[in-house]
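Heads up, the thing below is written out as structure tokens.
Note that these values count all heavy atoms, side chains included, but never hydrogens, waters or copies made by symmetry. Owing to the predicted nature of the structure, the values given are computational and were not obtained by experimental measurement.
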Amino acid sequence: MAAITGTSVLFQSSSSFQIKAPTRFSSLKSVSFSTKRAIYPSLRMRSGPLRFRVSCAAKPETVEKVCEIVRKQLALPAESALSGESKFSALGADSLDTVEIVMGLEEAFGISVEEESAQSITTVQDAADLIENLLDT
């Protein structure tokens with residue numbers, strides 16, 4: 001048996017582990033569970049304030065177009081692997097590169113990105129989600 005103490009726990013089921021209870025608990029003092037398997041699922045406790053977050057993934061074609069713009073702005077080879085999870089910093093982008101990426105996105109999509117929104121963009125997915133939100137408004 002394992003025991004957990006914290007203020008919030010999120011269980012994410014995989015094919016090898018199923019929970020037949022609500023998958024999110026808030027304002028917890030403790031949680032216990034048991035399993036007949038020798039392998040326990042990994043659990044992570046997050047500290048800090050709880051936030052309500054709604055997110056929806058951008059369209060795949062938007063993500064792909066952002067990938068193309070990032071490749072061009074950073075002069076990456078066409079065969080370089082980029083996905084929504086690709087972080088600009090991991091691709092070698094500095095703050096000036098990120099500004100140039102945002103400018104390229106504004107031009108390509110015909111949008112205007114506020115400075116504070118631009119500063120929150122760290123991944124291809126962040127950029128694609130922001131673009132979708134701006135195009136919807």
Side-chain angles (χ1 to χ4, degrees):
M1 178 177 300
I4 306 166
T5 304
T7 58
S8 177
V9 178
L10 172 64
F11 289 101
Q12 294 180 329
S13 301
S14 67
S15 59
S16 62
F17 181 72
Q18 297 291 322
I19 296 175
K20 295 182 180 179
T23 57
R24 185 160 189 103
F25 305 92
S26 296
S27 300
L28 295 178
K29 298 296 181 206
S30 67
V31 172
S32 297
F33 69 95
S34 63
T35 179
K36 294 179 183 178
R37 296 177 176 255
I39 300 172
Y40 288 89
S42 63
L43 301 171
R44 274 186 258 170
M45 296 297 290
R46 294 184 188 172
S47 60
L50 298 175
R51 290 180 266 156
F52 179 71
R53 181 176 176 178
V54 176
S55 64
C56 54
K59 298 174 192 167
E61 54 269 18
T62 303
V63 174
E64 186 54 42
K65 190 169 182 179
V66 171
C67 287
E68 291 171 14
I69 293 166
V70 170
R71 270 192 199 95
K72 179 182 175 187
Q73 293 295 330
L74 298 179
L76 298 174
E79 65 275 0
S80 61
L82 287 180
S83 69
E85 293 79 32
S86 298
K87 292 188 177 200
F88 297 154
S89 60
L91 298 171
D94 60 18
S95 58
L96 180 60
D97 292 322
T98 302
V99 169
E100 291 176 350
I101 290 169
V102 171
M103 290 171 57
L105 296 172
E106 288 177 325
E107 184 178 325
F109 288 94
I111 58 172
S112 179
V113 178
E114 297 293 326
E115 186 177 343
E116 77 177 36
S117 296
Q119 291 175 353
S120 69
I121 299 172
T122 59
T123 67
V124 169
Q125 189 67 51
D126 291 342
D129 290 342
L130 178 63
I131 289 165
E132 295 273 329
N133 288 336
L134 291 172
L135 291 175
D136 287 344
T137 58

Handout entry: Inter-residue atom distance I121.CD1 - I101.CD1, 0.5 Å rounding
Key = 9.0 Å
Practice task
Could you tell me whether the side chains of Q125 and T123 share a donor-acceptor contact shorter than 3.5 Å?
Solution key: no
Handout entry: Criterion side chain to side chain contact (heavy atoms under 4.5 Å, CB included) on E106 and V113, from CA distance to verdict
Key = CA-CA 7 Å; E106 288 177 325; V113 178; 3.5 Å; yes
Fill in the blank from the handout: In this structure, CD of E64 is separated from CD1 of I69 (nearest 0.5 Å) by 10.5 Å
Problem - Any side-chain heavy-atom pair of F88 and V124 under 4.5 Å - result: yes
Practice task
Give the cluster check for M103 versus F109: same hydrophobic cluster or not, with ILVMFWY residues linked at side-chain heavy-atom distances below 4.5 Å.
Solution key: no
Problem - Closest non-hydrogen atom pair, S120 against D126 - result: O-OD2, 3.6 Å
Problem - Joint hydrophobic cluster, V99 plus I111, side-chain heavy atoms closer than 4.5 Å - result: no
Problem - Closest non-hydrogen atom pair between E132 and A58, with its separation - result: CG-CB, 3.4 Å
Completion exercise
In this structure, CG of L91 is separated from OG1 of T98 (nearest 0.5 Å) by 9.5 Å
Exercise for the section: Might you confirm whether atom CD of E116 has over 12 heavy atoms from other residues, nucleotides or ligands at distances under 6.0 Å? Expected result: no
Handout entry: D97 side-chain N/O to D94 backbone N/O, donor-acceptor pair under 3.5 Å
Key = yes
Practice task
Please round to the nearest 0.5 Å and tell me the distance separating atom CD1 of I131 and atom CG of L105.
Solution key: 4.5 Å
Handout entry: Inter-residue atom distance L134.CG - S117.OG, 0.5 Å rounding
Key = 7.0 Å
